[in-house]
Number of protein chains: 2
Amino acid sequence: MVSKLEKARQDPSSMKGKILAAARKVFGEYGYHGTTTRMIAKAVGIDISTLYYHWGEKRDLYESVIMDLNEEIRQKLLEIENKVKGKSLATRLEIAIDVMCDYLFSNPEVSNFILFLYFGKTRGDSSLNFKVSEYISNIAIAMGLALDKKYIPVKAKASVIAVWNSVLNFISGEDFFRPMLDIDHDEYIVVVKDTLKFILIPAFTQKQS
Amino acid sequence: MVSKLEKARQDPSSMKGKILAAARKVFGEYGYHGTTTRMIAKAVGIDISTLYYHWGEKRDLYESVIMDLNEEIRQKLLEIENKVKGKSLATRLEIAIDVMCDYLFSNPEVSNFILFLYFGKTRGDSSLNFKVSEYISNIAIAMGLALDKKYIPVKAKASVIAVWNSVLNFISGEDFFRPMLDIDHDEYIVVVKDTLKFILIPAFTQKQS
DNA sequence: TATTTTATCCATCAAATGTTGGAAGCGGTG
DNA sequence: CACCGCTTCCAACATTTGATGGATAAAATA
């Protein structure tokens, strides 16, 4: 299982890699139940049984996508953490918003996929763990909202969740929200970043209430 | 079609009403594709063909739920609009957050359903229009972020969208986020309201940047 | 009571969907 | 060439799922 994933990550041009990438996109668009194995196979351009040959069950593939995303996001957060070291809180927030937006706008299926995990139940369930909790704590510390790794205030965590969600929503909901604003894609990116900063920075830089 | 819906809305204890309520919940939890007509029938406690007898196709039922929610939310926003008249901006925001949170926490399937509409594509699609655009404009005006009904600034709309989404996310994502905060349901409600106010009010009450 | 309408369920169908077996192609190795 | 492992596809199967027909009961109507 894990070895398959490793192989796919290491060589994205391999068949396993191509399948993983396609699966991520289709699952991200239609959710677990909305996606059929035939849709994924078609996206890769292979026969359905070739897909099964490489990956086995649908659920297996789905869980692999989750693990893959977990790793990718972890990397991204590390990258941000390094970039913001030593900056002021306002600057840290700005950088974090910019980097995260750029990454997610380039990979819109990522935020879509994550939102499906949050809000959609999956029949036959079996709680797949997407490691948000870990991320949230790391972000809270990187942003300087918490000092002690052992104890992060509820307020800090909740705030980070709110921010994190706002980003995901704007990216995944572009098709829905952009027509309402009547602007094009590039303008949308700018508006999203500005809006996030407009809302978030005052909240965190104000005097403690 | 519409007459069926009207009947169901008028008499929630009728079979049509019970079906509509159950459908809303199940669709909200599992999304369109994740929901089977049999699941809905079972939730009502009737045979599947009885369901078809009353509502016809699955898609029909789904669209009825959307129309039903549209109406319900429109009412809720009117209610808020009346409550906040004449108050200060900060107070308007507080009241809006409180009322909206109370409503959605009491009907969690609502926010779930809406989020599915935003982010999930539905195979066979055919754009169902959920009238968010209308809501957003109304809220912007009610909150005093825009003066002219004809022209609402992009910034105002985008801000309202961000707020609106934050609320939905916290409610729908309770199962996901609450364990991270390690608090119980009642505390969660308080934290959500506080966090939303903490983040949003400073943004909108600060001096114009 | 007789008849018609309404509502419910059982059994079933056809299509979609997850999944598998086996044949065929293809590259390398003896 | 003959053999072998790897990959791919065609065909098929079992289950799930959307949807329907017809029998049956309950309620309304005459």
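Just so it is clear, the structure is predicted and the values come from calculations on it, not from any experiment.
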Query - A:Tyr52, nearest nucleotide to its side chain (from D:dG18, D:dT7, C:dT19) - result: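 Nucleotide nearest to A:Tyr52's side chain: C:dT19.
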Query - B:Ile46 side-chain proximity, nearest of D:dA19, C:dC9, D:dT8 - result: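 So the side chain of B:Ile46 is nearest to C:dC9.
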Query raised in the report: Do B:Lys58 and B:Tyr32 meet the cation-pi criteria used here (NZ or CZ under 6.0 Å from the six-membered ring centre, within 45° of the axis)?
Result: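 The answer is yes, since B:Lys58 meets both limits relative to B:Tyr32.
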Query raised in the report: Out of B:Glu79, B:Glu72, B:Lys76, B:Gln75, which residue meets the side-chain hydrogen bond (donor to acceptor under 3.5 Å, both in side chains) rule with B:Tyr103?
Result: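 With B:Tyr103 as partner, side-chain hydrogen bond (donor to acceptor under 3.5 Å, both in side chains) holds for just one option, B:Glu72.
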Query raised in the report: According to a strict under-4.0 Å criterion, is B:Tyr53 in side-chain N/O contact with OP1 or OP2 of C:dA7?
Result: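 Checking B:Tyr53 against C:dA7: at least one side-chain N or O falls below 4.0 Å of OP1 or OP2.
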Query raised in the report: Does a nitrogen or oxygen in the side chain of A:His54 sit under 4.0 Å from OP1 or OP2 of D:dT8?
Result: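 Yes, within the criterion.
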Query - Audit row: A:Val84, A:Thr91, side chain to side chain contact (heavy atoms under 4.5 Å, CB included) steps and yes/no - result: CA-CA 8 Å; A:Val84 302; A:Thr91 309; over 6 Å; no
What pairs of nitrogen or oxygen atoms, one from the protein and one from nucleotides 11-14 of chain C, lie under 3.5 Å apart?
none

Sidechain N-carboxylate O distance under 4.0 Å for [X], [Y]:
X	Y	value
B:Lys197	B:Asp98	yes
A:Glu29	A:Lys25	no
B:Arg178	B:Asp184	no
A:Lys193	A:Asp102	yes

Starting at atom [atom1] of [X], determine the distance to atom [atom2] of [N], rounded to an integer number of angstrom.
X	N	atom1	atom2	value
B:Ile19	C:dA7	CD1	P	11 Å
A:Asp60	C:dT20	CG	C1'	16 Å
A:Ile40	C:dT19	CD1	C1'	14 Å
B:Trp55	D:dG18	CH2	P	17 Å
B:Lys18	C:dT8	NZ	C1'	13 Å
B:Tyr30	D:dT16	OH	P	16 Å
A:Lys58	C:dT20	NZ	P	14 Å

